[in-house]
S.K.: 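The structure is given below, and queries will be raised subsequently.
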Amino acid sequence: MRAKLDSRAVSSVFRRALPGDIPQILEIIKRAVEKMLSEGKCQWNENYPNAVHIKTDIENGEGFVIEINNKIEAYGAVSFDGEPFYDIIEEGEWLSNSSYAVIHRMAADTNSQFSGLGKLFIDYVKDHALQNDIHSIRLDTNYDNEIMLHLLEKSGFTFCGKVNYPKGSRLAFEKLF
């Protein structure tokens, strides 16, 4: 049984990922991929995301983790440099034209005893963005990623349209704060 994450009762740390964190992060990613594939989802697979993506995120200062009781429970890449594929959005438009944080490769440990890690990760990104005078988060997800779609709705994101990657289109969302 997973306990609802209560930040008052559980001490969590949001920090930049370090090279030594890669094995734990890859385990989280591996379990997330296995879950997606077992459910017939097609956003992630055995080749994406992989160690090269995570290592690059960390080298670029964009890899972040949530640590609870000295154990990494969630990972995501957070960038303030924009996302080139977001320059063209179809069947809609972004809510703003200002700078934004973008989240990629976000995953919570499927073996975690805590629920609410995805929302907590987004809340931490929002706080981090505000410290950099940025008032928007954008991200995209696959049409069949019901867990992420539910999280985005629950977290106050607005569907803005579709963005196209070389391997297909994704649903695009933005949250202003």
S.K.: Evaluate the side-chain proximity of L18 to I58: yes if any heavy-atom separation is below 4.5 Å, no if none is.
M.R.: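 No - every pair of side-chain heavy atoms lies 4.5 Å or more apart.
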S.K.: Can a donor-acceptor pair be found between the side chains of S169 and Y143 at a distance below 3.5 Å?
M.R.: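 Checked: S169/Y143 side chains show no N/O donor-acceptor pair below 3.5 Å.
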S.K.: Nearest 0.5 Å please: distance from the CD atom of Q43 over to the NZ atom of K167.
M.R.: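 Going from CD on Q43 over to NZ on K167, the span is 13.0 Å.
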S.K.: Does H53 reach the main-chain N or O of N50 with its side chain, forming a donor-acceptor pair under 3.5 Å?
M.R.: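 Side chain of H53 to backbone of N50, a donor-acceptor pair under 3.5 Å: yes, one is there.
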S.K.: For the backbone of F177 and the side chain of H135, can you confirm whether one donor and one acceptor N or O come within less than 3.5 Å of each other?
M.R.: yes
S.K.: If you round to the nearest 0.5 Å, how far is CG of L171 from CD of E91?
M.R.: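 Answer rounded to 0.5 Å: 9.5 Å.
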S.K.: Looking at OG1 of T141 and CD1 of I147, how far apart are the two atoms once the value is rounded to the nearest 0.5 Å?
M.R.: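 If we round to the nearest 0.5 Å, T141:OG1 and I147:CD1 are 10.0 Å apart.
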S.K.: Is R138 close enough and on-axis enough to Y100, meaning under 6.0 Å and within 45°, for cation-pi?
M.R.: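 Output yes; distance and angle both within limits.
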S.K.: Quick check: do N142 and W44 have side-chain heavy atoms less than 4.5 Å from each other?
M.R.: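 Not touching, per the 4.5 Å side-chain cut-off.
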S.K.: If every non-hydrogen atom of P23 is compared with every non-hydrogen atom of G20, which pair is closest and at what distance?
M.R.: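 Answer, listing the atom of P23 first, then G20: CD-O, 3.5 Å.
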S.K.: Could you tell me whether the side chain of F173 reaches within less than 4.5 Å of the side chain of L149, counting heavy atoms only?
M.R.: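 Touching, per the 4.5 Å side-chain cut-off.
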S.K.: Please determine whether side chain to side chain contact (heavy atoms under 4.5 Å, CB included) holds for the pair I25 and V65, giving the CA-CA distance in whole Å, both sets of side-chain angles, and the decisive distance to 0.1 Å.
M.R.: CA-CA 8 Å; I25 293 166; V65 297; 3.9 Å; yes
S.K.: Can you say whether the rings of H128 and F80 are parallel (under 30°), tilted (30 to 60°) or perpendicular (over 60°)?
M.R.: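 Aromatic pair H128/F80 classed tilted.
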S.K.: Would S79 and E62 satisfy side chain to side chain donor-acceptor pair (under 3.5 Å), going step by step from the backbone distance to the final call?
M.R.: CA-CA 6 Å; S79 173; E62 297 176 348; 3.2 Å; yes
S.K.: V125, I68: one ILVMFWY side-chain cluster at the under-4.5 Å cut-off?
M.R.: yes
S.K.: Atom CD of E146 and atom CG of L151: how far apart are they, to the nearest 0.5 Å?
M.R.: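 The CG atom of L151 is 13.5 Å from CD of E146, to the nearest 0.5 Å.
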S.K.: Could you tell me whether a side-chain N or O of S155 sits under 3.5 Å from a main-chain N or O of F157, the two making a donor and an acceptor?
M.R.: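 Checked: no pair found.
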S.K.: Should I103 and V13 be counted in the same cluster of Ile, Leu, Val, Met, Phe, Trp and Tyr side chains packed under 4.5 Å apart?
M.R.: no
S.K.: Looking only at heavy atoms, which two atoms of D144 and G40 are closest? And how far apart?
M.R.: OD2-O, 4.0 Å
S.K.: Should V78 and F121 count as side-chain neighbours, where that means a heavy-atom distance under 4.5 Å?
M.R.: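 Side chain of V78 against side chain of F121, heavy atoms only: contact under 4.5 Å found.
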S.K.: Could you tell me which non-hydrogen atom of C160 sits nearest to which non-hydrogen atom of I89, and how far apart they are?
M.R.: O-CD1, 3.6 Å
S.K.: Flag the pair I88 / V163 as yes when at least one side-chain heavy-atom distance between them is below 4.5 Å, and no otherwise.
M.R.: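 The answer is no; the side chains never approach within 4.5 Å.
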S.K.: I'd like to know if the side chain of Y75 reaches the main chain of D109, judged simply by a donor and an acceptor atom lying under 3.5 Å from each other, with no hydrogens or angles considered.
M.R.: no
S.K.: For E90, enumerate each residue passing the side chain to side chain contact (heavy atoms under 4.5 Å, CB included) test, keeping only those at least two apart in sequence or located in another chain.
M.R.: N164
S.K.: Treat each ILVMFWY residue as a node, draw an edge where side-chain heavy atoms are under 4.5 Å apart, and state whether F64 and I137 are in one component.
M.R.: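 Yes; I137 is reachable from F64 via cluster members.
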S.K.: Regarding H104 and E83, is there a side-chain donor-to-acceptor distance under 3.5 Å anywhere?
M.R.: yes
S.K.: Grab the two heavy atoms, one from R105 and one from P49, that are nearest each other, plus how far apart they are.
M.R.: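 Nearest pair, atom of R105 first, then P49: CD-CB, 3.6 Å.
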S.K.: Okay, side chain of E39, backbone of K41: is any donor-acceptor separation there less than 3.5 Å?
M.R.: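 It does not hold such a pair.
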S.K.: Can you confirm whether more than 12 heavy atoms, excluding those of N132, are under 6.0 Å from its CG atom?
M.R.: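 Enclosed.
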S.K.: Are E34 and T110 side-chain neighbours, meaning at least one heavy-atom pair lies under 4.5 Å?
M.R.: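 A side-chain contact under 4.5 Å is absent here.
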S.K.: Is there a side-chain contact between R31 and E27, using heavy atoms and a 4.5 Å cut-off?
M.R.: yes
S.K.: State, with a plain yes or no, whether a side-chain heavy atom of L117 is found less than 4.5 Å away from one of S112.
M.R.: yes
S.K.: What is the minimum heavy-atom distance between S96 and S136, and which atoms define it?
M.R.: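 Shortest heavy-atom contact: OG-OG, 4.0 Å.
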S.K.: Without swapping roles, check the side chain of N69 against the backbone of K71 for a donor-acceptor pair under 3.5 Å.
M.R.: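 No, because the side chain of N69 does not come within donor-acceptor range (under 3.5 Å) of the backbone of K71.
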S.K.: Between E67 and S12, is there a side-chain donor-acceptor contact under 3.5 Å, judged purely by atom types and distance?
M.R.: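 On atom types as modelled, these side chains do not qualify, holding no pair under 3.5 Å.
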S.K.: More than 12 foreign heavy atoms under 6.0 Å from CD of E93: is that the case here?
M.R.: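 12 or below, so no.
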S.K.: What distance do E73 atom CD and Q24 atom CD have between them, rounded to the nearest 0.5 Å?
M.R.: 9.0 Å
S.K.: Look at the side-chain heavy atoms of Ile, Leu, Val, Met, Phe, Trp and Tyr, link any pair under 4.5 Å apart, and say whether M36 and I29 land in one connected group.
M.R.: yes
S.K.: Once rounded to the nearest 0.5 Å, what's the spacing between atom CD1 of I54 and atom CD of E59?
M.R.: 12.0 Å
S.K.: Check whether N60 reaches the backbone of D57 with its side chain - one donor and one acceptor, N or O, closer than 3.5 Å.
M.R.: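 No, N60 side chain to D57 backbone: no donor-acceptor pair under 3.5 Å.
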S.K.: Hydrophobic cluster membership, with links at side-chain heavy-atom distances under 4.5 Å among I/L/V/M/F/W/Y: are L139 and F14 in one?
M.R.: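 Shared cluster, yes.
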